[in-house]
Structures are given as structure tokens and as C-alpha cells.
Amino acid sequence: LSLHDALPIFLTVWQNQPIIRVRKRQIFFINISAGVGGKCSMEGKRLTSYAMEELECPKCGHKHSLKKYKVINVTEKAKLKEEIMKNRLYQFSCEECEYMAPLTYDSLYVDSRKNIMIYMAPVMNAEIKVEIAELEQEKGIDKRLVDNINDLKEKIMIVDNHLDDRVIEIIKIMYLDQIKKEMEDDTLLNILFDYNRDNYCFLVFFQKKGIGKIPLTREFYRQVEDKYKEAIKEHSTDGFMKIDMEWAGKILFKNHNKFN
């Protein structure tokens with residue numbers, strides 16, 4: 001599956017989107033693996049679980065019951081990864097008026113086989129900070145923080161290709177120089193990693209021009225990985241890190257004189 005095929009639904013201008021109201025009243029909570037009476041442990045916090053919540057369609061007002069995932073463990077429920085990548089999991093669809101919209105909420109993605117946890121938090125608050133602090137007690141697993149669906153999907157694709165997202169973000173900053181001319185009369189919206197079989201690339205999203213593509217070779221990836229190995233290690237922690245272009249920019253700025 002190419003990320004390019006799945007992205008358009010999430011390129012909506014959010015300011016113009018009606019608000020989908022999720023009622024705070026929780027109907028019930030299910031831990032799929034542990035069941036009722038399961039042990040409350042760090043392992044339990046990583047098991048797939050969801051709550052049923054009531055929401056209202058912003059277009060017609062029809063009420064729906066939403067399965068809102070708190071934890072998505074694709075090691076035990078592999079199909080959920082496909083649901084994320086095909087834009088089925090984080091999506092609202094009204095059966096009454098057929099209105100559709102992305103639906104982003106805080107949740108934890110876990111892939112034990114790939115040794116990674118990704119916490120998606122659209123808006124950070126005190127409750128989420130406490131939860132993240134508890135999860136950070138677990139050592140020996142990579143932890144990432146994202147605030148939107150596209151970044152979550154990108155992280156998943158990078159891990160699935162056995163690449164390092166820290167190297168990928170550094171390369172994005174380097175590639176900005178290649179699109180300087182396009183940026184003179186257009187607004188850069190995003191740069192996202194993508195792949196098709198064994199071919200890597202970056203999808204570049206412009207406000208007016210649309211979507212462009214920049215190829216990424218394994219050779220160049222390895223060169224950047226080797227060049228910034230120590231700098232990456234210095235700027236990394238065992239906690240949840242938000243690895244994005246801002247993070248990568250700090251590394252490049254700090255090491256500019258060293259490597260030039």
C-alpha cells in the first residue's frame with residue numbers, strides 16, 4: 001500500500017471542518033486480550049483495548065456509537081494496522097447522510113515485534129502526560145510521539161522498512177534545498193516518506209502545485225545515517241520523542257560547522 005493512495009482524505013483544510021462531538025460519557029471499556037479481571041500491569045497497558053462512545057454527526061445530527069481505540073497492539077491484532085493504513089480506523093462515516101471526515105484522538109500504537117510504541121496525542125494535556133510518564137517506565141523499546149494520523153502512518157511505514165525515522169527527518173531537511181524554487185511562489189504543506197516495493201521516496205505537498213516526489217536511494221540513506229550517527233545518539237532519549245523536521249533541524253544547525 002502506498003501512502004500516496006491513502007492520503008487525500010486527510011488533506012482536508014481542518015479549519016473548515018465541522019466539529020464532530022464525542023460525548024464524554026463512556027458506555028463500556030473492553031480489554032480484548034485480558035478480559036474482565038485482567039492484571040493491571042505494564043503489559044496490560046499495551047494490550048489492545050477500546051471504549052464505545054457516543055458521537056453526533058456534525059452535518060445531520062444523527063447519533064452514532066464509536067469504537068474508540070485506546071491501545072492498538074498490532075502484534076496481537078495485525079489487521080488493525082491495515083485498518084489504519086487504509087484510513088478505516090480513524091475515520092467518521094455517517095450511515096444516515098454519508099458524511100465522512102477524519103477523526104483523530106489520543107491512542108497508543110504498539111508493535112512488539114518491531115519494538116516500538118507510538119503515542120498519538122492531537123492535543124497534549126495533564127492526563128496524557130501522566131499516562132506517557134507511566135509508559136516511559138518500560139525500557140528497551142523505542143517510543144515516539146505524534147499529533148496526527150499522517151505522521152502515525154509515516155512512522156509505521158518507516159519501521160516496516162527497517163529504517164530510522166531520525167535519519168529520515170534529517171534527510172527531509174537536506175532535501176529542502178532541492179525545492180527552494182518551488183517554495184518561492186507556493187506554500188510547502190508537508191514532506192512524507194513513502195515507498196513502493198523496494199523504491200523509497202518523499203512525497204512533497206504544496207498548496208497550489210499539489211503533490212511532488214523526490215527519490216531516496218539506500219546509498220544516500222546509509223551515508224546520512226553514518227555521518228550523523230553520533231549526533232543522533234546525543235539528541236536521543238529512552239522516553240517518548242517527537243521526531244520531526246524541527247528535531248532534525250536542531251541537529252543540522254548544531255553540527256553545521258563540524259560537517260562543512
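Just so it is clear, the model here is predicted, and its values are computed rather than measured. Only this structure's heavy atoms are used, side chains among them; waters, hydrogens and symmetry mates stay out.
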Can you list everything that forms a salt bridge (Lys or Arg N to Asp or Glu O under 4.0 Å) with Arg88? Sequence neighbours excluded, please.
Glu83
Within the side chain of Glu154, is there an N or O that forms a donor-acceptor pair under 3.5 Å with the backbone of Phe193?
yes
Without swapping roles, check the side chain of Lys77 against the backbone of Thr48 for a donor-acceptor pair under 3.5 Å.
no
With ring centroids as reference points, do Tyr69 and Tyr90 lie under 6.0 angstrom apart?
no
Is the shortest distance from a Lys or Arg side-chain nitrogen in Lys172 or Glu169 to a carboxylate oxygen in the other one below 4.0 Å?
yes
Can you pull the side chain to side chain donor-acceptor pair (under 3.5 Å) pairs that have at least one residue in residues 173-182, sequence neighbours excluded?
Asp177-Lys180
Checking Ser112 side chain against Asn115 main chain: does a donor-acceptor pair fall under 3.5 Å?
no
According to side chain to side chain donor-acceptor pair (under 3.5 Å), who are the partners of Ser93, at least two apart in sequence or on a separate chain?
none
Which residues pass the salt bridge (Lys or Arg N to Asp or Glu O under 4.0 Å) test with Lys114, sequence neighbours left out?
Asp160
Tell me, please, which residues at least two apart from Thr237 pass side chain to side chain donor-acceptor pair (under 3.5 Å).
none
Residues passing the side chain to side chain donor-acceptor pair (under 3.5 Å) test with Asn148, sequence neighbours excluded, are Asp151
Sequence neighbours left out, what pairs pass side chain to side chain donor-acceptor pair (under 3.5 Å) with at least one residue falling in residues 238-250?
Asp147-Lys242
Testing Leu192, Ile191, Thr187, Leu188 for side chain to side chain contact (heavy atoms under 4.5 Å, CB included) with Phe205, which one passes?
Leu192
Hits for salt bridge (Lys or Arg N to Asp or Glu O under 4.0 Å) against Asp226, two or more places apart or cross-chain, chain-then-number order -> none
Among residues at least two apart in sequence or on other chains, which ones pass salt bridge (Lys or Arg N to Asp or Glu O under 4.0 Å) with Asp106?
Lys70
Examine distances only and state if a side-chain atom of Tyr221 and a backbone atom of Asp164 form a donor-acceptor pair shorter than 3.5 Å.
yes
In plain terms, say whether Lys208 and Asp186 are close enough for a salt bridge, that is, a side-chain N and a carboxylate O under 4.0 Å apart.
no
Who pairs with Cys201 by side chain to side chain contact (heavy atoms under 4.5 Å, CB included), at least two apart in sequence or on another chain?
Asp194, Leu203, Lys213
Look at atom CG of Asp198 and say whether more than 12 heavy atoms of other residues, nucleotides or ligands are closer to it than 6.0 Å.
no
Tell me if the centroids of the rings in Phe92 and His64 come within less than 6.0 Å of each other.
yes
All side chain to side chain contact (heavy atoms under 4.5 Å, CB included) counterparts of Asn125, not counting sequence neighbours
Glu127, Ile128
Go through the structure and list residues passing side chain to side chain donor-acceptor pair (under 3.5 Å) with Lys129, not counting sequence neighbours.
none
